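Everything numeric here is computed off the predicted structure, so don't read it as measured data. The basis for the numbers below is simple: all heavy atoms, side chains too, and nothing from hydrogens, waters or symmetry mates. Note on naming: letters A, B, ... go to the chains in the order of the sequence lines (proteins, then strands), and numbering restarts at 1 for each one.
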There are 2 protein chains.
Amino acid sequence: MRQLPERTVERLSQYRRVLLRLLSIKKEYIYSHELASLLHITAVQVRRDIMLIGHTGTLRLGYKIKDLVDLISTIIDTPGKRNLAIVGIGNLGQALINYIASNQDKIIPVAIFDVNEKKIGSTFHGVTCYSMDMMEEIVKKESITIALLTLPPQFAQSTANRLIEAGVKGIMNFTPTLLNLQGAFLEQYDMITSLEKVAYFSKPKFFVS
Amino acid sequence: MRQLPERTVERLSQYRRVLLRLLSIKKEYIYSHELASLLHITAVQVRRDIMLIGHTGTLRLGYKIKDLVDLISTIIDTPGKRNLAIVGIGNLGQALINYIASNQDKIIPVAIFDVNEKKIGSTFHGVTCYSMDMMEEIVKKESITIALLTLPPQFAQSTANRLIEAGVKGIMNFTPTLLNLQGAFLEQYDMITSLEKVAYFSKPKFFVS
DNA sequence: ATTTTTTTGTTAGCTTTATCACAAAATCAA
DNA sequence: TTGATTTTGTGATAAAGCTAACAAAAAAAT
Ligand SMILES: NC(=O)c1ccc[n+]([C@@H]2O[C@H](COP(=O)([O-])OP(=O)(O)OC[C@H]3O[C@@H](n4cnc5c(N)ncnc54)[C@H](O)[C@@H]3O)[C@@H](O)[C@H]2O)c1
Ligand SMILES: NC(=O)c1ccc[n+]([C@@H]2O[C@H](COP(=O)([O-])OP(=O)(O)OC[C@H]3O[C@@H](n4cnc5c(N)ncnc54)[C@H](O)[C@@H]3O)[C@@H](O)[C@H]2O)c1
């Protein structure tokens with residue numbers, strides 16, 4: 001299959017989460033307009049996405065939820081699991097690790113890296129924190145392919161370089177540093193940018209220039 | 001000025017942060033290609049964004065950083081400050097409050113709301129936590145127009161409705177609940193979706209179906 | 001003085017993403 | 001049986017976002 005649009009991939013992730021909930025309450029089929037209304041998007045958008053992944057529904061019955069979930073999973077997941085590392089286990093890193101572990105089960109936190117002597121050797125939600133010196137070794141040994149950067153911004157670029165060199169293929173960067181990466185997918189997850197965007201688009205009308 | 005594209009607003013926020021850093025080290029002018037390379041985008045993109053906000057540079061000298069920063073500020077900021085509330089001060093809420101306060105100065109956290117008796121009445125980075133019963137009252141009294149939702153997902157929709165009713169104009173939703181809002185700008189800041197997107201686009205090649 | 005280089009500003013076009021409009025098929029109603 | 005209704009699937013079109021290309025102006029080089 002051809003590479004899917006980013007937006008479609010994002011929605012597939014959301015469809016799956018909604019559909020899994022519906023499956024758990026024994027709903028079997030769903031119409032495009034139902035799924036659309038759960039995501040507050042249009043039914044055409046839903047049908048188009050489903051078309052893009054090559055699934056086909058039943059006329060007048062809708063889509064079989066189980067089949068759709070399975071197909072989305074074969075598309076967006078890898079067969080088997082993906083191992084993840086968190087670099088920098090401060091306030092944010094600690095908030096994230098629990099959340100990730102309890103909200104999906106294909107991407108598994110298997111290692112934490114930090115420079116703080118007090119943290120090295122201890123575990124956070126069952127995951128061991130290693131020293132930064134061991135990063136390359138552990139990344140290779142544990143086949144880690146995804147990393148979250150939650151360390152101080154000035155170390156983000158050099159750490160990202162080391163991670164990619166060691167085999168990481170996807171990086172989610174929570175620091176405000178704008179990274180330059182070759183050979184890995186980057187998600188710049190920048191809260192201040194989003195916050196300022198919210199401020200702009202929610203500006204009280206009489207302020208708009 | 002006409003409403004700017006979302007992407008442009010996001011980049012303006014990033015331009016400003018980079019430019020402020022350069023100003024602080026006494027750089028006066030910048031070329032589009034320099035700014036572009038700092039953000040890892042193209043120079044045309046930079047020039048187009050700057051054109052959209054109606055700024056004009058000096059031929060062969062580039063853009064005067066001070067002027068550009070000021071203009072971006074008049075566009076994306078409101079004159080004066082915006083007050084912000086955080087609803088749910090758990091792991092994530094606590095991580096956020098400090099970060100927001102120390103990374104920009106136009107959007108000010110002025111209130112926290114929670115149901116936990118132990119948290120109500122105490123302060124987090126100098127901001128008081130109030131009970132949920134007082135939310136409408138405080139939102140009005142403090143003119144809060146932006147809110148972050150970092151409470152359990154099942155309370156997100158009803159809380160958002162109450163906030164909007166009380167006058168909030170922009171909501172950044174950190175919970176996985178997909179909200180349906182009327183009358184406010186919504187940023188669905190969904191980490192799992194982004195994480196699954198990173199996983200998809202960084203899938204080792206031999207896995208791609 | 002003329003040519004080359006540099007850099008902005010902008011048009012036109014391209015790519016990606018979303019929506020419109022409607023055919024096709026299944027079911028329902030009369 | 002006929003016609004209306006519902007719902008999927010998709011080609012065509014529109015909107016948003018990005019890039020290529022180049023004119024214009026200024027400065028530098030020759
Ligand atoms: N707190 C937030 O809500 C928030 C939100 C968005 C982004 N961020 C960004 O995420 C990062 C972390 O934020 P935080 O609030 O958790 O900060 P923090 O100070 O609580 O944690 C940083 C952690 O990184 C570790 N560290 C320091 N230098 C390191 C290095 N060279 N290599 C590896 N680890 C190192 C520290 O020991 C600490 O454990 C910062 O860059 C911040 O800008 C934070
Ligand atoms: N931890 C993360 O990294 C992370 C990341 C993304 C999203 N989220 C989401 O953000 C939310 C908070 O995550 P967390 O890790 O901070 O959870 P948490 O359990 O640590 O904190 C939740 C807070 O909300 C309060 N609360 C409970 N019910 C409330 C109500 N009805 N009204 C107001 N406050 C209420 C609790 O007292 C607590 O202080 C969750 O919805 C989670 O799904 C968390």
[X] [atom1] to [N] [atom2]: how many Å, rounded?
X     : N      : atom1 : atom2 : value
A:H55 : D:dT7  : NE2   : P     : 16 Å
B:L59 : C:dT6  : CG    : C1'   : 8 Å
A:R60 : C:dA24 : CZ    : C1'   : 13 Å
A:L61 : D:dT8  : CG    : P     : 9 Å
A:I50 : D:dT8  : CD1   : C1'   : 10 Å
A:L52 : C:dT17 : CG    : C1'   : 10 Å
B:H33 : D:dT19 : NE2   : C1'   : 18 Å
B:Q45 : D:dT19 : CD    : P     : 6 Å

Looking at the side chain of [X], which of [options] is the nearest nucleotide?
X     : options                : result
B:M51 : C:dA21, C:dT11, C:dT17 : C:dT11
A:E6  : D:dA26, C:dT17, C:dT27 : C:dT17
B:Y31 : D:dG9, C:dA18, C:dT8   : C:dT8

Name the nucleic acid region contacted by A:S32, choosing base, sugar-phosphate or nothing; use a 4.0 angstrom heavy-atom cut-off, strictly under.
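Sugar-phosphate, no base atom in range.
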For B:T8, which contact category applies under a 4.0 Å heavy-atom criterion: base, sugar-phosphate, or nothing?
nothing
Of all heavy-atom pairs between A:A199 and B:I107, which one has the smallest distance, and what is that distance?
CB-CD1, 3.8 Å
Quick one: closest heavy-atom pair of A:T150 and A:G93, and the distance?
OG1-CA, 3.8 Å
Any N or O donor-acceptor pair linking the side chain of A:R47 to the base of D:dT7 at under 3.5 Å?
no
Heavy-atom donor-acceptor pair, A:R48 side-chain to D:dT10 base, under 3.5 Å:
no
Both A:R7 and B:Y63 contact DNA chain C. Which one's nearest nucleotide lies toward the 5' end?
B:Y63
Taking only N and O in the side chain of B:T56, is any of them less than 4.0 Å away from OP1 or OP2 of C:dT8?
no
Can you find a side chain N or O atom of A:Y29 that sits less than 4.0 Å from OP1 or OP2 on D:dT8?
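Checking A:Y29 against D:dT8: no side-chain N or O falls below 4.0 Å of OP1 or OP2.
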Between B:N161 and B:Q157, is there a side-chain donor-acceptor contact under 3.5 Å, judged purely by atom types and distance?
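A pair is found: one side chain offers a donor N or O, the other an acceptor, under 3.5 Å apart.
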Residue pair B:R17 / A:T193, side-chain donor-acceptor N/O under 3.5 Å:
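The criterion, which ignores hydrogens and geometry beyond distance, is satisfied for A:T193 and B:R17.
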I need the single residue from A:K169, A:R82, A:E187 that forms a side chain to side chain donor-acceptor pair (under 3.5 Å) with B:S202. Which is it?
A:R82
